[in-house]
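The next block holds one structure in the form of structure tokens; read it before the comments.
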Amino acid sequence: MVDLPDEKTPKRMGEPAATDPARAAALREGFSQTIERIERLIDLETATLEQYRPIDFSEFNHRKSHALLELSRAMRAVGAEARDPGMREELERLSGKLKRNLATLEIHLKAVREVCALISRAIQTEESDGTYSSAIHRRYEQS
């Protein structure tokens, strides 16, 4: 005897179940909670960066990667036919926070590059005896 799947059992792994209103509402609530957790994480990272406090980038990267996986699963569970305008608004709000986070990260990355350039120039100046200075190199190129 073969067990046939009922209405609530997905046919394949990852395939959303049939649209039971209570299940759809629970999945929608799970989606909203996932968005809220991601927003708190992004807000925390952005605030930490804006306050110029030490930050563990590898930890935040790990947590954001996990959050992306969680969001993917939540969206897949809800299914395309069950999505509503409220979900789109939540995703747009999250997108805005991600853009602000990206802008803040870019500021810090630019500062790191500038500090690295300063340190590199200082090391080159300290190690150089002036024989191969950029002024001599420029005079050679012009002739």
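FYI, side chains are in, hydrogens and waters are out, and symmetry mates aren't considered; it's all heavy atoms of this structure.
For the pair Lys110 and Glu106, the salt-bridge criterion is not met [side-chain N within less than 4.0 Å of a carboxylate O].
If you take CG on Leu27 and CE on Met75, they are separated by 13.0 Å, rounding to the nearest 0.5 Å. Taking OG from Ser95 and CD from Glu90, the interatomic distance works out to 13.5 Å, rounded to the nearest 0.5 Å.
In terms of hydrophobic clustering, with Ile, Leu, Val, Met, Phe, Trp and Tyr side chains grouped at heavy-atom distances under 4.5 Å, Leu94 and Leu105 are assigned to different clusters.
Using a 4.5 Å cut-off on side-chain heavy atoms (C-beta onward), Leu69 and Ser65 make no contact.
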Identify every side-chain donor-acceptor pair in residues 114-123 under 3.5 Å, counting partners at least two apart or on other chains, and give the distances.
none

Can I get a per-line list of side-chain donor-acceptor pairs under 3.5 Å for residues 36-49, giving both atom names and the distance, sequence neighbours left out?
unit_1: Arg37; atom_1: NE; unit_2: Glu70; atom_2: OE2; d: 3.1
unit_1: Arg37; atom_1: NH2; unit_2: Thr34; atom_2: OG1; d: 3.3
unit_1: Arg37; atom_1: NH2; unit_2: Glu70; atom_2: OE2; d: 2.1
unit_1: Glu39; atom_1: OE1; unit_2: Arg93; atom_2: NE; d: 3.4
unit_1: Glu39; atom_1: OE1; unit_2: Arg93; atom_2: NH2; d: 3.1
unit_1: Glu39; atom_1: OE2; unit_2: Arg93; atom_2: NE; d: 2.5
unit_1: Glu39; atom_1: OE2; unit_2: Arg93; atom_2: NH2; d: 3.3
unit_1: Asp43; atom_1: OD2; unit_2: Lys97; atom_2: NZ; d: 2.8
unit_1: Glu45; atom_1: OE1; unit_2: Lys64; atom_2: NZ; d: 2.8
unit_1: Glu45; atom_1: OE1; unit_2: Asn101; atom_2: ND2; d: 3.0
unit_1: Glu45; atom_1: OE2; unit_2: Lys64; atom_2: NZ; d: 3.4
unit_1: Thr46; atom_1: OG1; unit_2: Ile42; atom_2: O; d: 2.9
unit_1: Thr46; atom_1: OG1; unit_2: Asn101; atom_2: ND2; d: 2.9
unit_1: Thr48; atom_1: OG1; unit_2: Leu44; atom_2: O; d: 2.8
unit_1: Thr48; atom_1: OG1; unit_2: Arg53; atom_2: NH2; d: 3.4

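Take His108 and apply the ring pair (Phe, Tyr, Trp, His ring centres under 6.0 Å) test, not counting sequence neighbours, and it matches Tyr52.
Seen from the ring of Phe31, Arg28 does not count as a face-on cation partner, given the 6.0 Å and 45° thresholds.
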